[in-house]
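Note on naming: letters A, B, ... go to the chains in the order of the sequence lines (proteins, then strands), and numbering restarts at 1 for each one.
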Amino acid sequence: MKSEPKVYSIEDLQRENTTLWDGVRNYQARNYLKQMHIGDIAFFYHSNCQNIGIIGLMKIIETNVIDRTQFDVNSPYFDIKATINNPRWHTVTVQFKEKFNKVISLNTLKEQFTAEELLVVKKGNRLSVMPIPEKTAQKIILMGNH
DNA sequence: GCCAACGTTGGC
DNA sequence: GCCAACGTTGGC
């Protein structure tokens, strides 16, 4: 799960402990959010910044939550086509789990994994939420703990 | 700041 | 339903 640290960083999550992952406005990313289960582990990725890469771990603690920013005319995530009775955007609540000592940089990820093993290294990929195969996930967790 | 990649919109 | 135009993402 990607976030620009200028907007919301892992330090913000560490401080708040939990947060609603709102503002996703891409159908494919939303569909991946819908597939998440309580207890799932997610990787926090800092994008569009000095130090791009995976910076830590989160846990999914609530699923299928309505993203209320879609109804808020003052929110940058307002969606005029969404209604209370027919909301378009659902998301998850995440909980801070772990911050890595050192970011696992995009370059390192590209060296270690193919696009099939890890979608985020695929050229042109712009999804902010994407699945990671179990085997890849285990390897990244090990890398993060070193 | 640039721009490739890609998603969305809307005219036809 | 096609596709040009436009907007956004995000690495560099």
Side-chain angles (χ1 to χ4, degrees), chain A residues 1-16 18-36 40-60 63-146:
Chain A
M1 300 170 79
K2 296 181 187 172
S3 180
E4 300 187 20
K6 268 180 286 183
V7 179
Y8 195 86
S9 69
I10 196 160
E11 290 79 13
D12 294 323
L13 180 60
Q14 188 165 24
R15 191 176 55 249
E16 296 179 0
T18 69
T19 193
L20 185 71
W21 203 266
D22 55 12
V24 173
R25 292 293 179 270
N26 171 288
Y27 288 103
Q28 211 178 337
R30 182 202 65 182
N31 293 342
Y32 286 137
L33 285 168
K34 278 187 175 173
Q35 290 173 16
M36 293 181 178
D40 282 353
I41 297 302
F43 295 88
F44 199 127
Y45 179 96
H46 277 173
S47 67
N48 201 13
C49 59
Q50 250 347 60
N51 220 349
I52 299 162
I54 296 175
I55 183 65
L57 304 177
M58 308 181 274
K59 190 199 255 183
I60 308 303
T63 58
N64 214 33
V65 190
I66 290 173
D67 179 348
R68 306 209 69 84
T69 61
Q70 68 192 301
F71 309 128
D72 178 1
V73 287
N74 296 316
S75 168
Y77 307 122
F78 175 67
D79 183 346
I80 197 165
K81 290 175 179 166
T83 62
I84 299 281
N85 289 330
N86 200 8
R88 282 188 163 188
W89 306 104
H90 292 73
T91 187
V92 298
T93 304
V94 298
Q95 181 173 47
F96 176 82
K97 184 171 167 64
E98 179 182 333
K99 183 187 168 186
F100 296 155
N101 294 327
K102 183 165 162 274
V103 69
I104 307 175
S105 73
L106 180 58
N107 272 342
T108 301
L109 293 170
K110 281 177 176 170
E111 285 167 13
Q112 299 290 322
F113 299 107
T114 65
E116 279 189 354
E117 290 167 327
L118 184 64
L119 257 178
V120 79
V121 304
K122 191 174 178 180
K123 192 186 172 195
N125 172 68
R126 298 187 315 171
L127 278 179
S128 64
V129 179
M130 66 200 87
I132 301 186
E134 184 67 31
K135 201 172 168 186
T136 304
Q138 297 299 345
K139 286 183 186 172
I140 296 173
I141 289 171
L142 286 177
M143 289 162 72
N145 289 334
H146 284 173

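- For the pair A:L109 CG and C:dC12 C1', the computed distance is 16 Å after rounding to whole Å.
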Listing time: all N or O pairs from protein to nucleotides 2-5 of chain C that are below 3.5 Å?
none

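- A:F71 places a side-chain heavy atom less than 4.5 Å from the side chain of A:I66.
- For the pair A:R25 CZ and C:dG7 C1', the interatomic distance rounds to 16 Å; values are reported in whole Å.
- A:K122 comes within contact range of no nucleotide atom at all, as no heavy-atom separation falls under 4.0 Å.
- No side-chain donor from either of A:D72 and A:T69 sits under 3.5 Å from a side-chain acceptor of the other.
- In this entry the distance linking CE of A:M130 with P of B:dC6 reads 13 Å, nearest Å.
- In this structure, A:L109 CG and A:M143 CE are separated by 5.5 Å, a value rounded to the nearest 0.5 Å.
- For the atom pair CD1 of A:I10 and CZ of A:F100, the computed distance is 8.0 Å after rounding to the nearest 0.5 Å.
- A:K2 NZ to A:W21 CH2: the interatomic distance, rounded to the nearest 0.5 Å, is 11.5 Å.
- Positionally, the nearest nucleotide of DNA chain B for A:N48 lies more toward the 5' end than for the other of A:N48 and A:N125.
- The distance from atom CG of A:N107 to atom C1' of C:dC12 is 10 Å, rounded to the nearest whole Å.
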Between side-chain atoms of residues 115-135 of chain A and protein atoms elsewhere (two or more places apart, or another chain), which donor-acceptor pairs fall under 3.5 Å?
residue: A:E117; atom: OE1; partner: A:T114; partner atom: N; Å: 2.8
residue: A:E117; atom: OE1; partner: A:T114; partner atom: OG1; Å: 3.4
residue: A:E134; atom: OE2; partner: A:Q138; partner atom: NE2; Å: 2.6

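- When the P atom of B:dT8 is taken as reference, atom CH2 of A:W89 falls 7 Å away, rounded to whole Å.
- Residue A:K59 holds its NZ atom at 6.5 Å from CD1 of A:I41, rounded to the nearest 0.5 Å.
- As rounded to whole Å, 9 Å separates atom P of B:dT8 from atom CZ of A:R126.
- Considering only heavy atoms from C-beta on, A:V103 stays 4.5 Å or farther from A:I54 through its side chain.
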Taking only nitrogen or oxygen atoms into account, show me every contact under 3.5 Å that the protein makes with nucleotides 9-11 of chain B, one pair per line with its distance.
none

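- Considering all non-hydrogen atoms of both residues, A:N26 and A:A29 come closest at OD1-N, 2.9 Å.
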